[in-house]
**Student:** 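Once you've had a glance at the structure underneath, I'll fire off some questions.
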Amino acid sequence: MMREAAIHPLLGSVALADAAAGHAPSGRIGVLHGADKASRVRAARLRARLVASGMESLEVTPLEARWRRETLRGSGVDLLVDAGGFGPAEARRIAAFAGVPLLALPAGSAEASGTSHPVIGLHAGRRLASVALGRVELRPPRNGSGLVSVSLDGVRFQVRDRERLRVSLVGRGGASQLAGAVLGVTAVIYRGVELTAEAVGGLGSLEADGRPVEPAEDAVTCRAMRERLRVLPVAR
(Lines give C-alpha, C1' and ligand atoms only; values in the text may rest on other atoms or scores of the structure.)
Protein backbone atom coordinates (compact mmCIF):
# COMPACT_ATOMS: atom_id res chain seq x y z
CA MET A 1 0.00 0.00 0.00
CA MET A 2 1.32 3.45 -0.93
CA ARG A 3 1.61 5.93 1.90
CA GLU A 4 1.83 9.67 1.55
CA ALA A 5 5.03 11.27 2.68
CA ALA A 6 4.84 13.81 5.51
CA ILE A 7 5.82 17.06 3.79
CA HIS A 8 5.36 20.59 5.06
CA PRO A 9 2.36 22.15 3.20
CA LEU A 10 4.33 25.21 2.03
CA LEU A 11 7.33 23.20 0.76
CA GLY A 12 5.00 20.77 -1.01
CA SER A 13 2.99 23.52 -2.71
CA VAL A 14 6.11 25.30 -3.98
CA ALA A 15 7.59 22.11 -5.43
CA LEU A 16 4.29 21.08 -7.02
CA ALA A 17 3.59 24.52 -8.51
CA ASP A 18 7.08 24.88 -9.97
CA ALA A 19 6.95 21.38 -11.45
CA ALA A 20 3.42 21.94 -12.84
CA ALA A 21 4.54 25.13 -14.57
CA GLY A 22 7.34 23.17 -16.20
CA HIS A 23 5.12 20.33 -17.44
CA ALA A 24 2.13 22.42 -18.56
CA PRO A 25 3.29 26.04 -18.98
CA SER A 26 0.21 27.15 -20.94
CA GLY A 27 -2.37 24.55 -19.94
CA ARG A 28 -5.09 24.18 -17.32
CA ILE A 29 -4.12 22.39 -14.10
CA GLY A 30 -6.45 20.15 -12.09
CA VAL A 31 -5.60 20.15 -8.36
CA LEU A 32 -6.64 17.10 -6.34
CA HIS A 33 -6.75 17.33 -2.55
CA GLY A 34 -8.30 15.62 0.44
CA ALA A 35 -10.43 16.93 3.30
CA ASP A 36 -7.60 17.09 5.86
CA LYS A 37 -6.13 20.46 6.81
CA ALA A 38 -2.60 19.83 5.50
CA SER A 39 -3.73 18.94 1.98
CA ARG A 40 -6.29 21.78 1.90
CA VAL A 41 -3.59 24.28 2.88
CA ARG A 42 -1.15 22.83 0.34
CA ALA A 43 -3.79 22.95 -2.41
CA ALA A 44 -4.76 26.57 -1.61
CA ARG A 45 -1.15 27.70 -1.70
CA LEU A 46 -0.51 25.68 -4.83
CA ARG A 47 -3.46 27.30 -6.65
CA ALA A 48 -2.41 30.77 -5.45
CA ARG A 49 1.09 30.20 -6.79
CA LEU A 50 -0.32 28.97 -10.11
CA VAL A 51 -2.55 32.06 -10.39
CA ALA A 52 0.45 34.29 -9.66
CA SER A 53 2.22 32.58 -12.55
CA GLY A 54 -0.72 33.29 -14.85
CA MET A 55 -1.96 29.70 -14.93
CA GLU A 56 -5.55 28.49 -14.58
CA SER A 57 -6.49 25.66 -12.18
CA LEU A 58 -9.50 23.50 -11.39
CA GLU A 59 -10.08 22.25 -7.82
CA VAL A 60 -11.10 18.61 -7.26
CA THR A 61 -12.08 17.43 -3.74
CA PRO A 62 -13.19 13.97 -2.54
CA LEU A 63 -16.88 14.94 -2.65
CA GLU A 64 -16.54 16.12 -6.24
CA ALA A 65 -14.33 13.30 -7.46
CA ARG A 66 -17.04 11.04 -8.91
CA TRP A 67 -18.62 13.61 -11.20
CA ARG A 68 -15.37 15.47 -11.81
CA ARG A 69 -13.88 12.30 -13.31
CA GLU A 70 -16.47 12.61 -16.07
CA THR A 71 -16.11 16.37 -16.59
CA LEU A 72 -12.29 16.33 -16.44
CA ARG A 73 -12.18 14.50 -19.75
CA GLY A 74 -13.75 17.47 -21.53
CA SER A 75 -12.53 20.29 -19.31
CA GLY A 76 -9.31 21.14 -21.13
CA VAL A 77 -7.19 20.02 -18.15
CA ASP A 78 -3.71 19.04 -19.39
CA LEU A 79 -2.24 17.92 -16.06
CA LEU A 80 -3.49 16.73 -12.67
CA VAL A 81 -1.57 17.58 -9.51
CA ASP A 82 -2.01 15.52 -6.35
CA ALA A 83 -1.79 17.88 -3.36
CA GLY A 84 -2.24 14.96 -0.94
CA GLY A 85 -4.98 13.65 1.30
CA PHE A 86 -6.77 11.97 -1.60
CA GLY A 87 -4.78 8.75 -1.49
CA PRO A 88 -2.18 7.91 -4.17
CA ALA A 89 -4.24 5.08 -5.67
CA GLU A 90 -7.41 7.17 -6.09
CA ALA A 91 -5.42 10.04 -7.60
CA ARG A 92 -3.96 7.59 -10.12
CA ARG A 93 -7.39 6.19 -10.97
CA ILE A 94 -8.76 9.68 -11.65
CA ALA A 95 -5.76 10.60 -13.82
CA ALA A 96 -6.00 7.35 -15.79
CA PHE A 97 -9.75 7.80 -16.28
CA ALA A 98 -9.27 11.38 -17.51
CA GLY A 99 -6.31 10.35 -19.68
CA VAL A 100 -3.98 13.09 -18.42
CA PRO A 101 -0.58 12.91 -16.66
CA LEU A 102 -0.44 13.00 -12.85
CA LEU A 103 2.11 15.07 -10.96
CA ALA A 104 2.67 13.85 -7.39
CA LEU A 105 5.06 14.16 -4.49
CA PRO A 106 7.00 10.94 -3.74
CA ALA A 107 4.84 8.24 -2.12
CA GLY A 108 7.62 6.40 -0.34
CA SER A 109 9.45 4.72 -3.22
CA ALA A 110 11.61 6.02 -6.04
CA GLU A 111 9.98 6.19 -9.45
CA ALA A 112 11.54 7.37 -12.69
CA SER A 113 10.17 10.63 -14.08
CA GLY A 114 7.63 10.10 -16.80
CA THR A 115 6.93 6.47 -15.86
CA SER A 116 3.94 5.04 -17.74
CA HIS A 117 1.68 2.34 -16.33
CA PRO A 118 -0.98 0.11 -17.89
CA VAL A 119 -4.50 0.05 -16.43
CA ILE A 120 -7.63 -1.99 -17.03
CA GLY A 121 -10.33 0.03 -18.75
CA LEU A 122 -13.94 -1.01 -18.06
CA HIS A 123 -16.20 -0.06 -20.96
CA ALA A 124 -20.00 -0.13 -20.97
CA GLY A 125 -20.83 -0.04 -24.66
CA ARG A 126 -18.57 2.65 -26.13
CA ARG A 127 -18.30 4.54 -22.83
CA LEU A 128 -15.33 4.23 -20.51
CA ALA A 129 -17.12 3.53 -17.22
CA SER A 130 -14.16 3.07 -14.88
CA VAL A 131 -10.51 2.04 -14.65
CA ALA A 132 -8.69 -0.38 -12.38
CA LEU A 133 -5.03 -0.18 -11.45
CA GLY A 134 -4.71 -3.82 -10.50
CA ARG A 135 -7.74 -6.08 -10.81
CA VAL A 136 -11.38 -6.42 -11.73
CA GLU A 137 -13.67 -9.05 -10.18
CA LEU A 138 -17.07 -10.18 -11.38
CA ARG A 139 -19.56 -12.58 -9.81
CA PRO A 140 -22.72 -13.92 -11.49
CA PRO A 141 -26.09 -12.90 -9.98
CA ARG A 142 -26.86 -14.79 -6.77
CA ASN A 143 -30.12 -16.29 -7.98
CA GLY A 144 -29.09 -19.94 -8.18
CA SER A 145 -28.89 -19.92 -11.98
CA GLY A 146 -26.40 -17.13 -12.64
CA LEU A 147 -24.28 -17.54 -15.74
CA VAL A 148 -21.93 -15.04 -17.38
CA SER A 149 -20.58 -15.62 -20.88
CA VAL A 150 -17.02 -14.38 -21.39
CA SER A 151 -14.89 -13.87 -24.49
CA LEU A 152 -11.17 -13.09 -24.19
CA ASP A 153 -9.59 -12.41 -27.59
CA GLY A 154 -12.10 -14.80 -29.18
CA VAL A 155 -11.69 -17.59 -26.62
CA ARG A 156 -15.11 -18.20 -25.04
CA PHE A 157 -15.80 -19.56 -21.56
CA GLN A 158 -18.38 -19.23 -18.80
CA VAL A 159 -18.52 -18.11 -15.18
CA ARG A 160 -21.22 -19.99 -13.30
CA ASP A 161 -22.98 -19.53 -10.00
CA ARG A 162 -20.54 -19.72 -7.03
CA GLU A 163 -17.60 -18.91 -9.31
CA ARG A 164 -16.01 -15.54 -9.91
CA LEU A 165 -13.98 -14.00 -12.69
CA ARG A 166 -10.81 -12.14 -11.77
CA VAL A 167 -9.16 -9.96 -14.41
CA SER A 168 -5.64 -8.69 -13.74
CA LEU A 169 -2.70 -7.24 -15.64
CA VAL A 170 0.36 -9.23 -16.62
CA GLY A 171 3.46 -7.98 -18.39
CA ARG A 172 4.69 -4.41 -18.60
CA GLY A 173 4.25 -1.36 -20.82
CA GLY A 174 3.47 -2.14 -24.43
CA ALA A 175 3.50 -5.88 -23.72
CA SER A 176 0.79 -5.74 -21.04
CA GLN A 177 -2.06 -8.24 -21.29
CA LEU A 178 -5.11 -9.24 -19.33
CA ALA A 179 -5.20 -12.46 -17.36
CA GLY A 180 -8.75 -13.74 -16.91
CA ALA A 181 -9.04 -16.35 -14.15
CA VAL A 182 -12.23 -18.28 -13.35
CA LEU A 183 -12.01 -19.01 -9.63
CA GLY A 184 -14.11 -21.71 -8.03
CA VAL A 185 -13.35 -25.30 -7.17
CA THR A 186 -10.44 -25.07 -9.61
CA ALA A 187 -8.75 -22.10 -11.31
CA VAL A 188 -8.56 -21.75 -15.08
CA ILE A 189 -6.54 -18.84 -16.51
CA TYR A 190 -6.84 -17.24 -19.96
CA ARG A 191 -4.77 -14.38 -21.42
CA GLY A 192 -5.44 -11.67 -23.99
CA VAL A 193 -5.96 -7.90 -24.43
CA GLU A 194 -9.75 -7.54 -24.60
CA LEU A 195 -12.34 -9.34 -22.48
CA THR A 196 -16.11 -9.03 -22.81
CA ALA A 197 -18.52 -10.40 -20.18
CA GLU A 198 -22.26 -10.45 -20.75
CA ALA A 199 -25.33 -11.95 -19.10
CA VAL A 200 -29.07 -11.76 -19.48
CA GLY A 201 -30.60 -9.96 -16.52
CA GLY A 202 -27.41 -8.35 -15.22
CA LEU A 203 -23.82 -9.18 -14.46
CA GLY A 204 -24.19 -9.59 -10.71
CA SER A 205 -21.45 -7.81 -8.74
CA LEU A 206 -18.57 -6.00 -10.43
CA GLU A 207 -15.58 -4.50 -8.62
CA ALA A 208 -12.54 -2.49 -9.72
CA ASP A 209 -9.66 -2.59 -7.24
CA GLY A 210 -12.12 -3.79 -4.61
CA ARG A 211 -14.60 -0.95 -5.20
CA PRO A 212 -18.11 -1.59 -6.58
CA VAL A 213 -18.77 -0.53 -10.19
CA GLU A 214 -22.24 -0.34 -11.69
CA PRO A 215 -22.16 -1.26 -15.39
CA ALA A 216 -24.72 0.63 -17.47
CA GLU A 217 -25.70 -2.45 -19.47
CA ASP A 218 -25.75 -6.23 -19.26
CA ALA A 219 -22.26 -6.37 -20.73
CA VAL A 220 -18.88 -4.92 -19.84
CA THR A 221 -15.64 -4.97 -21.80
CA CYS A 222 -12.24 -4.90 -20.10
CA ARG A 223 -9.28 -3.70 -22.15
CA ALA A 224 -5.60 -3.53 -21.34
CA MET A 225 -4.92 0.21 -21.77
CA ARG A 226 -1.17 0.20 -22.20
CA GLU A 227 0.75 3.25 -20.97
CA ARG A 228 -2.56 4.98 -20.11
CA LEU A 229 -1.30 6.32 -16.77
CA ARG A 230 1.74 8.60 -16.78
CA VAL A 231 3.12 9.58 -13.37
CA LEU A 232 5.46 12.56 -13.01
CA PRO A 233 7.08 12.50 -9.54
CA VAL A 234 8.40 15.67 -7.92
CA ALA A 235 11.74 15.73 -6.14
CA ARG A 236 11.55 16.75 -2.50
Side-chain angles (χ1 to χ4, degrees), residues 1-117 119 121 127-133 208-209 211 225 227-236:
M1 179 181 295
M2 291 178 286
R3 294 182 179 178
E4 295 182 66
I7 300 175
H8 188 278
L10 179 57
L11 297 179
S13 63
V14 170
L16 286 168
D18 290 348
H23 287 293
S26 60
R28 192 180 192 193
I29 310 298
V31 179
L32 307 170
H33 71 83
D36 62 288
K37 182 177 180 180
S39 62
R40 284 189 284 110
V41 169
R42 185 181 298 119
R45 288 175 173 165
L46 166 60
R47 297 190 70 201
R49 192 172 179 88
L50 290 173
V51 169
S53 301
M55 302 180 70
E56 185 181 1
S57 66
L58 176 69
E59 183 179 22
V60 185
T61 67
L63 291 177
E64 299 169 324
R66 179 168 296 180
W67 68 267
R68 283 289 173 132
R69 285 195 308 176
E70 299 285 350
T71 58
L72 277 172
R73 299 177 69 191
S75 65
V77 166
D78 298 312
L79 176 72
L80 284 175
V81 180
D82 181 12
F86 221 100
E90 183 61 15
R92 290 183 176 216
R93 273 188 287 269
I94 292 172
F97 185 88
V100 297
L102 175 69
L103 187 68
L105 292 165
S109 59
E111 186 169 27
S113 180
T115 300
S116 295
H117 304 270
V119 298
R127 180 177 66 89
L128 179 62
S130 186
V131 296
L133 303 179
D209 295 330
R211 297 188 175 195
M225 303 179 75
E227 301 181 356
R228 172 75 175 190
L229 172 63
R230 188 177 179 214
V231 181
L232 307 172
V234 181
R236 298 187 186 184

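For the numbers below, each heavy atom of this structure counts, side chains included, while hydrogens, waters and symmetry mates do not. Just so you know, these numbers come straight off a predicted model, no measurement behind them.
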**Student:** What closest approach, in Å, do Pro101 and Leu232 show between heavy atoms, and which atom pair accounts for it?
**Tutor:** CB-CD1, 3.9 Å
**Student:** Under 4.0 Å between a side-chain nitrogen and a carboxylate oxygen: does that hold for Asp18 and Arg49?
**Tutor:** yes
**Student:** Decide yes or no for Leu229 and Val131: does some side-chain heavy atom of the first lie under 4.5 Å from some side-chain heavy atom of the second?
**Tutor:** no
**Student:** Rounded to the nearest 0.5 Å, how far apart are CD of Glu59 and CD1 of Ile29?
**Tutor:** 14.5 Å
**Student:** Identify the heavy atoms of Arg228 and Ala96 that sit nearest to each other, and give their distance.
**Tutor:** NE-O, 2.6 Å
**Student:** On a heavy-atom basis, which atom in Met225 and which in Gly121 lie closest, and how many Å separate them?
**Tutor:** SD-CA, 3.4 Å
**Student:** Starting at CZ of Arg45, measure out to CZ of Arg40 and round the result to the nearest 0.5 Å.
**Tutor:** 12.0 Å
**Student:** At their closest point, which heavy atom of Ser57 faces which heavy atom of Leu50, and how far apart are they?
**Tutor:** CB-CD1, 4.0 Å
**Student:** Between His33 and Leu46, does a side-chain contact (heavy atoms from CB on, under 4.5 Å) hold up when you go through it step by step?
**Tutor:** CA-CA 11 Å; His33 71 83; Leu46 166 60; over 6 Å; no
**Student:** Quick check: closest heavy atoms across Leu133 and Ala89, and the distance to 0.1 Å?
**Tutor:** CD1-O, 3.5 Å
**Student:** Do Arg93 and Asp209 have side chains that approach each other closer than 4.5 Å (heavy atoms only, starting at C-beta)?
**Tutor:** yes
**Student:** Rounded to the nearest 0.5 Å, how far apart are CZ of Arg28 and CG of Leu58?
**Tutor:** 5.0 Å
**Student:** Specify the closest pair of heavy atoms between Val31 and Ala83, including all atoms of both residues, with the distance to one decimal.
**Tutor:** CG1-CB, 4.3 Å
